Each structure stands twice: as structure tokens, then as C-alpha cells.
Amino acid sequence: MLLELRDYFFITLGVCIYSVGVTIFMLPYGLTTGGVVGIASIIYYVSGLEVQNTYIVINILLLIAAIKILGFKFCAKTIYGVLCMTFTLAFFQRLFEQPAPDGGMMFPKLIGDEVFMACVLGGITDGIGLYFCFENNGSTGGTDIIAAVVNKYRQMSLGTVIMACDVVIISSCYFVFHDWFRVIYGFVLLFICSFTLDYCLNRRHQSVQFLIFSRNPDKIANAIIQCGYGVTVLDGEGWYTHTERKVLLSIIRSRQQVNVLRLIKSIDPYAFVSMSNANGVWGEGFDKMNVTVEKTQKGKKVLVFATNSTHKLQEVRAILGDKYDIRTLADVGCNIEIPRSAGSIKGNALLKARFVKRYYGFDCIADDTALECVALNGLPGIYSANYASVDDDELSAAAAKRPKLENYSEELSEEMLRILHSKAAVNDGKTENNVRANIEKLLSDLDGKDRHASLHTVVALVTGDFDDPTMYETYTFDGVLDGTIAEHPSAEPQFFFDSVFIPDGYDMTYQELGVDVKNQISQRAIAVGKLKDFLEKMKKK
């Protein structure tokens, strides 16, 4: 709410500055700019109809069309900007107008007859006003609306459409004044306004890139990190001496560059430093990429499945169908083996999905599965992958508090950071799981006991705004398949519970049933089926 109020405050400030520019520098000197304000000013010069009246009428017509085509959410701040502009134009005209010799009202020429200077100052003032609006997600309506509507149906950029409209509007003032100088002044005003707007936007987001060559790179890198900046260490070689060198790459805001230079000099006065301007930096800690992605893959929604298992991937793709572009961890460049350390399969699935969403940006689905035996109070449970290697006391403690773990939930940010920066978590493609040892321990623990069991899978979906983890939406979907544990495992067991679990209604283990049958009846298929139904409902909304 505070961020929204801040946006509206600065939109109001920007509209006020723009209205002052129109009232002081445009109307008294007969200047025309682009947009609806340009149309309204031409009508004012011809008929004397006040600018704000024409402005509001044209924008109302445009907004009606925009709401119908683009939706109300797109137009909310535009509506506010239009209403605010209408009020401020009227207010500042009343504030600055003076009695004219003929008995009417007129606007004073505060800088004498300097039309060109009025053109320059008007462009600068209007550019600053528009900067405050655009920087805070606002709009003053007019040709912005036309451009958005055209862009929806034609592959034309917003800038191209706005420029075309402005050229037509400014050129039409020739038919009012029959003076090409007025047209030229209009284009100069438009150019200065655009240049000022771009300058303010670029200056606000200006960054610098440092390349640092030093004999003490570790200390400099640590100091940069401690100051809250990021740094990447690159491997290099001094070609003259053929010695290895570490090169530090750091991108920071331009206003902070002096701090970094002082820091470098205090550590290594003889460091070789190259600094260059970076006009645009997008990513965590900098700016958000406010662009729309072209609809590739025939409009498929991208979902990352937090696995590199080919079998799992094929099963999920078969269930969700070709409406979704399902990618693996490897597809998005994630080489981290995410530990299952949340205390429950639901927590583990959420941890994996939130980790991928937080650090790779894509909406993510993740799963975790447990074999739960009735006679063992739900064990192996979360220890299904390494049952044989877990201490018996730990297993007993986990079984005793199992009901509490089913609803386990925690703040995962610190855990994910630890995972991301842990070199020990890199997936080297190997596994320490001893399938035969797990099977032997399970069959031994169940000797002479009830052999009823179930396979339980939880699939987690994490979606939402990549730039704001507090706005993530999380959903979980359960799949449970009942069965029994076989007296003897399948020959040449490949996976732990696949080799010993017999689903109800069948007389063979998962492994013996084969992939096709397993994919149709599996607990993962049940959970992913629920996910598919949910996604279809979300699409309809």
C-alpha cells in the first residue's frame, strides 16, 4: 500500500510539473507538442476552448475503448493521470492568467518574446514531468492508449506508434498558423522533451562496470561483498609474463563508484582498474526487465520441473500434455542438488520449488515421494532414499513425531541461500543410496509384521512475481497409492520401493509392472493430475 501511495504521489507531482510547462511556456507562445495535449492546444488556438476540456473529452473516449480492449487493470493509473492532468491544467491556468487589454483573459509571456527559449524550457519542464509519471508506472493517457491498443493487434512498437501520432499532430498546426516556424518549434519542443525524459530515466538507472586486476584479488573481493555490492571472479592470464591472474568484475550504481575506488586504493594502490558505463543493468539488486516476452513455443506456459530424472520428466509431460513447456533443472542452468532437509515430503517439495523460483525466475513444480509402512508408523517416510544409513534412534524419533511433520512449514530463504552457496551441494551425477541395503533393512524391519503400505507423493507449485519473493503463491497436490510390501524384492532391483511395493489390485511389484502401467496408476500421476486440473482452472480465470 505504501508503494502504491508513493507511485500516486509522484504521478501527481509529475502531472503538476507538466501542467506548469504547458501553461507557462506553451500556451502563451502558441507552441504545439504531441499527444492529446497537442490536439487540445491546437483547438484552443482556433476556438479558445480551454485545453483541459478538450483533453478530458478525448481521453474519456480513448479510455472507454482501452478498458474494453485492454482491461481495467491496465487503465487504473492512466485514469488517475488523466483526471489529475485535467484538474491541474485548469488550476494552473486560473493561477497564471491575467486580464487582457480587450477585456478577456491571457497568459503572460514570462520570458518576453523569446519563443525559442520558451520552446527549450517547455520541453525540459514537460520531460521532467513525464519522467516522474513514467518512473512510477503512471501515464497521462492520450497517444499512450492508442499505442497500447495498436500494439495488441499489430507487431508495432509503442514508440513507433507514439512518434507517428506526434508527427501528425505537430504538423497539423501549420493549418492554424500557416507558419512553418511553428511546426519546427513543435518538433524542437518534442525532441527536447523526449531527450530530457530519456536523460532522466537513464541517469536514474546509470551503472558502472569495474574490471579490477590486482595482486590481492581475494581481499578486494571480500571488501566489495562486505559493502553490499556483488563481484564475480574471472580467470585470466598475463600474456607478457604468462602468469595466472584473477580478474574481478563488479557492476554498481554510478553514484557508488567513488566508494569502490576508495576501497580498491586502500587495499592495493597499484591495482589496474577499468571502469565503463553500463547504461542498462537488469537483475537482482538493479532494475526489473519491463518487457514482454515473445510468445514462443506456440504460446506454451513454461514450467520448470525440479528434477533431472528422464523418467519423471516423461511421466509429467505425458500427463500435462503439449500445452506446457516443461523444462528440467539442467535446462535452466541449475546444477545444484537440493537437499531434502525440510522435515516432511511437503516441506521438501516446497523447498525445491521455492529455490528454483527464487534463483532462476521460472514458475516451478517439484515433488517428493515417501514409502509409508503402517507397521513402522510411517517409515521409511522422508528417509526412503537412504533408509539403511540412518541411525535407528533418529528413525524412532521421526516416527514418533510424524503427525506434526505432515503440516511442517518454515521460512526457506536462509536455507536456500545456504544451498546456493554450498560447494558441497553441486550434483556430480553420483548417488550414495544403496538400494539393496535399503531393501534388506525394510524387509528385516517388517519381518512378521503387517505389510500394508502406501506411496505418498506431494507436488508443489510455486508461481508469482519473480522480483518479490513475498508475493509467491504456493500450492500443493497429494497423490497416495495403497499397496503391500512384497516378501521378496524384484530381480535386479533398480529403485528402492519400486522393487518391493505391490499396488492394490496387482500381484507384481512396481518394477515388474513396467513403465506404462506404473505411469497410469502411480501416486505421482494422481498428484500431477490434480495439478493439471488446477492449471486449467487458472487459465480459464
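Keep in mind that what you see is a predicted model, and the values were worked out from it rather than measured.
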Taking the side chain as every heavy atom from C-beta outward, state whether [X] and [Y] have any atom pair closer than 4.5 Å.
X: Y360; Y: L329; answer: no
X: D7; Y: Y80; answer: no
X: N259; Y: C227; answer: no
X: P489; Y: L443; answer: yes
X: F497; Y: P380; answer: no
X: I345; Y: I382; answer: yes
X: Q523; Y: V480; answer: no
X: V435; Y: I439; answer: yes

Item to complete: Validate the cation-pi geometry between K530 and F477: distance from NZ or CZ to the six-membered ring centre under 6.0 Å, angle to the ring axis within 45°.
Response: no

Practice prompt. Decide side chain to side chain donor-acceptor pair (under 3.5 Å) for D331 and T328; before the verdict, give the C-alpha distance in whole Å, the side-chain angles of both, and the deciding distance to 0.1 Å.
Written response: CA-CA 5 Å; D331 292 332; T328 64; 3.2 Å; yes

At what distance, to the nearest 0.5 angstrom, does [atom1] of [X] lie from [atom2] of [Y]?
X: I365; Y: K352; atom1: CD1; atom2: NZ; result: 11.0 Å
X: I521; Y: D516; atom1: CD1; atom2: CG; result: 11.5 Å
X: Y472; Y: R358; atom1: OH; atom2: CZ; result: 5.5 Å
X: D447; Y: E487; atom1: CG; atom2: CD; result: 8.0 Å
X: L513; Y: K518; atom1: CG; atom2: NZ; result: 9.5 Å
X: L531; Y: I526; atom1: CG; atom2: CD1; result: 14.0 Å

On a heavy-atom basis, which atom in [X] and which in [Y] lie closest, and how many Å separate them?
X: V459; Y: A527; value: CG2-CB, 3.7 Å
X: A366; Y: A349; value: CB-O, 3.4 Å
X: A223; Y: I267; value: CB-CD1, 3.7 Å
X: P217; Y: L248; value: O-CD1, 3.6 Å
X: L263; Y: S266; value: O-OG, 2.7 Å
X: G381; Y: A370; value: O-CB, 3.2 Å

Fill in: Qualifying residues under side chain to side chain contact (heavy atoms under 4.5 Å, CB included), relative to Q257, sequence neighbours excluded
V208, F210, I252, S254, M275

Item to complete: List for me each residue that meets side chain to side chain contact (heavy atoms under 4.5 Å, CB included) alongside R436, sequence neighbours excluded, and say none if there are none.
Response: N434, P493

Practice prompt. Take V304 and C334 through the side-chain contact (heavy atoms from CB on, under 4.5 Å) test and state the conclusion after the steps.
Written response: CA-CA 11 Å; V304 173; C334 178; over 6 Å; no

Worksheet entry | Parallel, tilted or perpendicular: rings of Y510 and F501 (30°, 60°) | perpendicular

Discussion item. Do the side chains of D363 and K357 get close enough for a salt bridge, i.e. N-O under 4.0 angstrom?
Written reply: yes

Considering only distance and modelled atom types, tabulate donor-acceptor pairs under 3.5 Å from the side chains of residues 229-242, sequence neighbours left out.
from, atom 1, to, atom 2, distance (Å)
D235, OD1, K246, NZ, 2.6
E237, OE2, H242, ND1, 3.1
T241, OG1, T243, OG1, 2.8
H242, NE2, W239, O, 3.1

Worksheet item: Quick one: side-chain hydrogen bond (donor to acceptor under 3.5 Å, both in side chains) partners of Q511, sequence neighbours excluded?
Response: S499

Fill in: Set of side-chain hydrogen bond (donor to acceptor under 3.5 Å, both in side chains) partners for D450, sequence neighbours left out
H452

Worksheet item: Quick check: are there more than 12 heavy atoms from other residues, nucleotides or ligands sitting under 6.0 Å from OH of Y506?
Response: no

Practice prompt. Please name the residue in the list D445, I502, L371, V374 that meets the side chain to side chain contact (heavy atoms under 4.5 Å, CB included) test with I485.
Written response: L371

Item to complete: Could you give me the CA-CA distance, side-chain angles and deciding distance for L442 and L376, then say whether side-chain contact (heavy atoms from CB on, under 4.5 Å) is met?
Response: CA-CA 10 Å; L442 178 67; L376 302 179; 3.9 Å; yes

Would you list the atom pairs, donor with acceptor, under 3.5 Å between side chains in residues 310-321 and any protein atom, with sequence neighbours excluded?
from, atom 1, to, atom 2, distance (Å)
K312, NZ, D367, OD1, 3.4
E315, OE1, R524, NH1, 2.9
E315, OE2, S522, OG, 2.6
R317, NE, I326, O, 3.4
R317, NH2, I326, O, 2.7

Discussion item. Just to verify, which of D478, D368, T369 counts as forming a side chain to side chain donor-acceptor pair (under 3.5 Å) with T457?
Written reply: T369

